[in-house]
Amino acid sequence: MPNLTLPDGTLKEFDQPVSFADVAKSIGPGLFKSAVAGKIEEKIFDLSYLINNDSNISIITRESEEGLEIIRHSTAHLMAHAVKELYPEAEVTIGPVIENGFYYDFAIENPFTDEDLEEIEKKMQEIAKQDLPISREVWLKKDAVEHFKNISENYKAEIIQDIPDDEDLSIYKQGDWLDLCRGPHVPSTNLLNAFKLTKVAGAYWRGDSSNKMLQRIYGTAWADKKSLNHYLEQLKQAKKRDHRRIGKDLDLFSIQGEAGGGLVFWHPNGSKIRQVIEDYWRTKHLEAEYELLYTPHIALDTLWQTSGHTDYYQESMYKPIEDENKLYRLKPMNCPFHVLIYKNQLRSYRDLPIRWAELGTVYRHEMTGALHGLMRVRGFTQDDAHIFCTEDQVETEITNILNLTIEILHAFTFDQYEIHLATKPEKFVGKDSIWTKATKALEQALSSKGLEYVIDEAGGAFYGPKIDIKIKDAIGRLWQCTTIQLDFNLPERFDMQYIGSDGHKHNPVMIHRTLLGSIERFFGILIEHFEGKFPLWLAPTQITILTISESQNNYAATIYEKLKNIGFRVKIDLRNETIGSKIRDHTLKKVPYFIIVGNQEVKHDQISVRTQKGDDLGTMEFDQFVTNLTTELTDKK
RNA sequence: GCCGGAAUAGCUCAGCUGGUAGAGCAACUGAUUCGUAAUCAGUAGGUCGCAAGUUCGAUUCUUGCUUCCGGCACCA
């Protein structure tokens, strides 16, 4: 005779065990209709689960986060069911829920095509309409293994083998198809009506590249058609921001097969933006008392042996180049070079901290399949810096780095982050005591800045703990750019030293840090973040002057000269085209401001201003315009 | 690197089962001199990614290579 307490505190009394479905029904038909599962305390159960005892319960509806997850999970099963009906020879493996959807991996001889996906989707709709009840059964492990082996579902049998003997095995049935699953699931297939299969791709069994490759089908599923369409629309919008598309449209950069994959060509427009970014970066680093370095692009292989790179990262380093019987390597990192400069003279504790920064171009042989626009390339420039300091200086230095990071990211309108602090892994170098001290210093620096962070337990590199910062872009995606890493390894490997106040030699602590990460990748992120509509201070062309007809050419030229002399990046369009056509062209080129001059403007010695967004700011004095833009530049808006 | 797909004019794309290519935009020329997202007309533009094979004949079929796309694996 369970007494059930609902989330709002209401007490419901029943004189016999009841299912969640009945409870929902007793509360209201609307709730019953949208119910997909139930919850006792924090545990989730099927709607059909019978509640025997007094408990705190709640009903999970299809719109809730948990409800959606159940719908997605059940849709994954629905897809597997459909695949088995169409391709009985396919073997099912696993089908988890992922962000916005699900996937299911199948072992099958002939890979699925896009046409197959359509067929499968149709079959899914068919099964969903049949309104098949989804029921749960508990099986013994050995029965389950035997069953799946009998029907040649070897992967499933293997999965079951790995489940501990004492655990209950639940099997879910819909129609004559069944699958091992922890559940819960929606009570019937007709609750699944807003889904779409999105793509098919290969994926390794158990995620191991030495295993067989399976066929993975991805899909998305939602509580209703409206949410599904909303999501599909979002996907389309995200696609419109693709930096490869915009990079081509705005003539920012290219990557050319003729030169090789993953090597970036910065066109004049992209180069202009990069130059502005780098100038700003340099200014800020000089202000923060860094000194700037330049180092070579290649060095003797033996240097990379000393640094340990050839041991750990050989596969992603380019092969050695031979010259005069010596082997050289393209640099995959800048740090050993900075170390060499450090070692070039005797250092005293009075010299520390030393802060050296370099926009250093490195080359890494990424695997072909990994290359992706500007996001993953083979040659890129890191905004790298190394700080050499004493153990006691670590916290202050980290605080300084965080300050600089926040200021620089803010300039690019990135003000929301997710911060990770990665601690000592199982395999590590250096003394426990210094790890503890250093990790504490990182924590201290973060908390004193009031920054929230999550601890990534044992996620540090073998050579030291680190802070990673992920920034949130305009459509909520996270990108890891900043990383601040302590290194107890290189100072020892290279036998770096300083003379302490005690007159003895000590190893300095080395901090590696990059704020933007790779300039190429950061540029890609910026393109997507701004959708190509760069703020005034970054825009390759800031102003375009458009004439109505030929008679304003001279006036336009004077305006042009004046703006250019002030330092604006300005262009002039004297083409024999209608004003509408000119506006369209430059709007599509994402120029922030247009100055339009016709006979009216010439007559009153004024200009008419329009923005890229389409706002007509009307006519104004030239000086007014310059003042407005100068403010905008200072504010970096 | 692995699985699948793709590569045609500067860009976006069409070209059925083999008979050496077509549109729109851009470019160029001319007309038009125009008031806030496309003025009109004409011209030119292609080793159909590269190499080999099958064939009387290959953009089309086969193989290899290169690059790109979607995932997987990898990412100091």
Side-chain angles (χ1 to χ4, degrees), chain A residues 103 105 108 110-114 116-117 198-218 242 244-245 248-249 251 254-263 304 307-317 332-336 362 364-373 375-378 382 461-464 466 480 483 485 487 489-490 512 514 517-518 521 546-553 574-589 594-601 608-619:
Chain A
Y103 67 78
D105 286 349
I108 186 167
N110 295 316
F112 298 113
T113 64
D114 286 345
D116 294 341
L117 285 201
T198 48
K199 56 198 163 201
V200 56
Y204 299 107
W205 166 235
R206 293 187 187 272
D208 185 337
S209 61
S210 57
N211 283 344
K212 207 186 136 180
M213 184 155 271
L214 309 172
Q215 294 300 314
R216 173 173 300 178
I217 302 178
Y218 285 89
D242 192 318
R244 295 165 299 186
R245 165 89 262 127
K248 205 178 253 184
D249 285 347
D251 196 17
S254 62
I255 292 168
Q256 306 191 26
E258 214 172 322
L263 300 170
W304 305 109
S307 70
H309 286 98
T310 47
D311 289 342
Y312 291 97
Y313 311 113
Q314 181 135 35
E315 289 131 48
S316 28
M317 287 171 75
M333 286 193 113
N334 303 302
C335 25
V362 297
R364 297 178 184 178
H365 187 266
E366 300 285 357
M367 291 205 259
T368 45
L371 301 176
H372 179 92
M375 301 305 187
R376 195 77 180 271
V377 292
R378 287 185 173 149
Q382 287 181 311
F462 72 89
Y463 50 76
K466 62 173 180 172
Q480 194 207 304
T483 178
Q485 311 187 342
D487 187 344
N489 181 46
L490 283 188
H512 306 249
T514 165
S518 133
R521 180 163 170 277
L546 317 177
T547 50
I548 303 283
S549 66
E550 247 170 41
S551 52
Q552 300 95 38
N553 282 5
L574 302 177
R575 286 178 309 162
N576 180 8
E577 281 290 347
T578 59
I579 192 65
S581 156
K582 288 185 187 183
I583 285 171
R584 182 184 151 81
D585 286 350
H586 300 286
T587 302
L588 292 175
K589 291 291 175 210
F594 310 139
I595 289 178
I596 294 159
V597 291
N599 286 332
Q600 288 300 314
E601 286 76 16
S608 174
V609 181
R610 183 189 160 101
T611 67
Q612 196 278 338
K613 293 190 189 105
D615 299 325
D616 185 349
L617 303 185
T619 50

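Below, chain A is the first sequence line, B the second, and so on; all start at residue 1. These figures come from a predicted structure and were not determined experimentally.
If you take CG of A:Asn334 and P of B:A76, they are 15 Å apart, rounded to a whole angstrom. At whole-Å resolution of the value, CG in A:Asp585 and C1' in B:C11 are 14 Å apart. Atom CZ in A:Arg584 sits roughly 23 Å away from atom P in B:C34 (whole-Å rounding). In this structure, A:Arg206 atom CZ and B:C72 atom C1' are separated by 16 Å, rounded to whole Å. A straight line from CG of A:Asp208 to C1' of B:G1 spans 13 Å, rounded to a whole angstrom.
For the C1' atom pair drawn from B:U43 and B:G49, the interatomic distance equals 29 Å after rounding to whole Å. Separating the P atom of B:G10 from that of B:A26 is a span of 16 Å, rounded to the nearest Å. For the P atoms, the distance linking B:U67 with B:A21 amounts to 30 Å, nearest Å. Taking atom P on both nucleotides, B:U8 is separated from B:A14 by 10 Å, rounded to a whole Å. Going from the P atom of B:U60 to that of B:G18 covers 11 Å, rounded to whole Å. For the P atoms, the distance linking B:G22 with B:G64 amounts to 33 Å, nearest Å. Using atom C1' as the reference point in both B:U59 and B:C2, the two lie 30 Å apart (nearest Å).
In this model, a side-chain donor or acceptor of A:Arg376 finds a partner on the base of B:C74 within 3.5 Å. Scanning atom types as modelled, one donor and one acceptor separated by under 3.5 angstrom connect the side chain of A:Tyr204 and the base of B:G1. In this model, a side-chain donor or acceptor of A:Glu601 finds a partner on the base of B:G35 within 3.5 Å. Side chain A:Arg216 to base B:C72: no donor-acceptor pair is found below 3.5 Å. Contact of A:Thr368 with B:U67 (side chain to base): no donor-acceptor pair of N or O atoms is detected under 3.5 Å.
Of the candidates B:U36, B:U39, B:C3, B:C3 carries the atom nearest the A:Pro111 side chain, counting heavy atoms from C-beta on. The listed nucleotides are B:C74, B:G71, B:A76; the one nearest the side chain of A:Ala370 is B:C74.
Judged by Watson-Crick or G-U wobble contacts below 3.5 Å, the nucleotide B:A38 has no partner.
With A:Phe594 as the aromatic partner, A:Arg610 does not meet the cation-pi criteria of under 6.0 angstrom to the ring centre and within 45 degrees of the ring axis.
With respect to A:Asp242 and A:Arg244, a salt bridge is recorded, a charged nitrogen being found less than 4.0 Å from a carboxylate O. A salt bridge links A:Glu366 with A:Arg376; the closest basic N to acidic carboxylate O contact falls under 4.0 Å.
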(message) Before you tell me yes or no, could you show the steps for A:Asp585 and A:Lys589 under salt bridge (charged side-chain N to carboxylate O under 4.0 Å, His left out), namely the whole-Å CA-CA distance, both residues' side-chain angles and the distance that decides it to 0.1 Å?
(response) CA-CA 6 Å; A:Asp585 286 350; A:Lys589 291 291 175 210; over 6 Å; no
